[in-house]
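Source: prediction; values computed, not measured.
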Amino acid sequence: QVQLVESGGGLVQPGGSLRLSCTVSGTIFSLNNGMGWYRQAPGKERELVASITIISGDATFYGDRVKGRFTISRDIEKNTMYLQMDSLKPEDTAVYYCNGKRKYYTRTDDFWGQGTQVTVSS
């Protein structure tokens with residue numbers, strides 16, 4: 001069973017930066033259908049923040065609300081994915097979740113981290 005362990009959340013002032021990490025138990029290549037970061041603010045639905053491929057390069061996708069401010073990356077040797085968050089805004093406050101997808105024929109399994117709180121406030 002794949003486990004994802006997140007770290008790096010916290011309290012930061014508007015305009016500040018944080019870096020989230022998500023470490024995969026075993027090999028990151030087991031998540032052959034990509035990884036990503038989602039977030040969920042109180043009273044709102046969970047939304048995709050950014051995603052990255054694991055196999056065949058590191059193509060990335062960003063949600064419109066974070067494009068130009070957040071950077072997703074992964075370190076294959078460390079089995080870890082990162083989310084560098086710059087120019088943070090109060091509306092970025094949410095619980096951030098790491099996600100990994102494993103595809104086997106027509107079935108796709110989703111794996112989730114425990115979530116880490118990010119609070120942007122002065």
Side-chain angles (χ1 to χ4, degrees):
Q1 185 75 349
V2 177
Q3 290 186 325
L4 306 179
V5 179
E6 303 161 8
S7 61
L11 172 65
V12 64
Q13 292 186 342
S17 298
L18 280 175
R19 188 176 81 156
L20 305 182
S21 300
C22 174
T23 300
V24 182
S25 64
T27 173
I28 197 170
F29 288 115
S30 65
L31 300 171
N32 57 5
N33 210 32
M35 296 185 70
W37 291 95
Y38 290 72
R39 67 185 181 186
Q40 188 167 21
K44 296 187 177 180
E45 293 187 355
R46 189 172 296 190
E47 65 170 341
L48 174 63
V49 175
S51 65
I52 189 167
T53 57
I54 301 300
I55 306 297
S56 301
D58 57 354
T60 58
F61 165 84
Y62 295 93
D64 288 340
R65 295 172 62 190
V66 305
K67 201 172 294 183
R69 299 188 296 120
F70 290 10
T71 303
I72 190 171
S73 62
R74 86 280 197 272
D75 186 327
I76 298 298
E77 291 187 359
K78 294 183 179 179
N79 291 315
T80 301
M81 176 181 67
Y82 303 97
L83 184 67
Q84 177 66 41
M85 305 184 292
D86 299 318
S87 302
L88 282 161
K89 304 175 180 180
E91 50 263 43
D92 294 318
T93 296
V95 178
Y96 284 70
Y97 296 92
C98 170
N99 170 265
K101 299 183 185 298
R102 182 176 65 192
K103 188 169 184 179
Y104 184 75
Y105 290 99
T106 59
R107 168 179 161 176
T108 299
D109 292 324
D110 275 283
F111 299 93
W112 294 92
Q114 77 280 9
T116 185
Q117 177 70 46
V118 171
T119 303
V120 184
S121 175
S122 55

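Hydrophobic clustering (ILVMFWY, side-chain heavy atoms < 4.5 Å, transitive): L48 and Y62 are in distinct clusters. Transitive grouping of hydrophobic side chains (ILVMFWY, heavy atoms separated by less than 4.5 Å) brings I28 and I72 into a common cluster. Connection of V12 to L83 is established within a shared hydrophobic cluster, with ILVMFWY side chains joined at heavy-atom distances below 4.5 Å, either directly or through further cluster members. Under a hydrophobic-cluster definition in which Ile, Leu, Val, Met, Phe, Trp and Tyr are linked whenever side-chain heavy atoms come within less than 4.5 Å, directly or via other members, L88 and L11 are assigned to different clusters. Residues I54 and F61 do not share a hydrophobic cluster, defined by chaining ILVMFWY side chains whose heavy atoms lie under 4.5 Å apart.
With 3.5 Å as the limit, one finds a donor-acceptor pair spanning the side chains of D86 and S17.
Salt-bridge formation is detected for the pair D64/K67: a Lys NZ or Arg NE/NH1/NH2 atom is positioned less than 4.0 Å from an Asp or Glu carboxylate oxygen. With respect to the salt-bridge test (charged N to carboxylate O, under 4.0 angstrom), the residues R69 and D92 qualify. Using a cutoff of 4.0 Å between basic side-chain nitrogens and carboxylate oxygens, D110 and R102 are not scored as salt-bridged.
The main-chain N or O of V120 is found under 3.5 Å from a side-chain atom of T93 such that the two form a donor-acceptor pair. Between the side chain of Q84 and the backbone N or O of T71 there is no donor-acceptor pair closer than 3.5 Å. Remark: side-chain polar atoms of S122 are not paired, donor with acceptor, to backbone N or O of Q13 under 3.5 angstrom. With hydrogens and angles ignored, the 3.5 Å screen pairs no side-chain donor or acceptor of Q40 with any backbone N or O of A94. Looking only at distances, a side-chain donor or acceptor of N79 sits under 3.5 Å from a matching main-chain atom of G26. A donor-acceptor pair under 3.5 Å is formed between the side chain of N32 and the backbone N or O of K103.
For the side chain to side chain contact (heavy atoms under 4.5 Å, CB included) with R74, the qualifying choice from T80, T60, I52 is I52, the only one to do so. Paired with C98 under the rule side chain to side chain contact (heavy atoms under 4.5 Å, CB included), one option of F111, W37, W112 passes, and it is W37.
In this structure, OH in Y97 is found 13.5 Å from CG in L4, a value given to the nearest 0.5 Å. Rounding to the nearest 0.5 angstrom, the gap separating the OG1 atom in T27 from the CD1 atom in I76 is 7.5 Å. A distance of 10.0 Å separates CD of Q114 from CD of Q3, quoted to the nearest 0.5 Å.
Looking at every heavy atom in both residues, V49 comes nearest to F70 through CG1-CD2, 3.7 Å. Listed here is the closest heavy atom pair of T119 and Q117: OG1-NE2, 3.3 Å. Scanning all heavy atoms of the two residues, the minimum distance from E6 to Y96 falls at OE1-O, 3.1 Å.
Atom CD of E47 is surrounded by more than 12 heavy atoms from other residues, nucleotides or ligands within 6.0 Å. For E91, the CD atom sits in a packed shell: over 12 heavy atoms of surrounding residues, nucleotides or ligands are nearer than 6.0 Å.
The shortest side-chain heavy-atom distance between Y82 and L20 does not fall under the 4.5 Å cut-off. S121 has its side chain out of reach of P90: every pair of non-hydrogen atoms, C-beta onward, lies at least 4.5 Å apart. In this structure, K101 and L31 have side chains that are not in contact, with every pair of non-hydrogen atoms separated by 4.5 Å or more.
Under the side chain to side chain contact (heavy atoms under 4.5 Å, CB included) criterion, S7 pairs with S21, sequence neighbours left out. Residues that satisfy the salt bridge (charged side-chain N to carboxylate O under 4.0 Å, His left out) test with R46, not counting sequence neighbours, are absent from this structure.
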> Could you go step by step and tell me if M35 and C22 meet the side-chain contact (heavy atoms from CB on, under 4.5 Å) rule?
Replying inline: CA-CA 10 Å; M35 296 185 70; C22 174; 4.0 Å; yes
>> Checking R39 against V66 for the side-chain contact (heavy atoms from CB on, under 4.5 Å) test, could you report, in this order, the C-alpha distance in whole Å, the side-chain angles of both residues, the deciding distance, and whether it holds?
In response: CA-CA 11 Å; R39 67 185 181 186; V66 305; 3.9 Å; yes
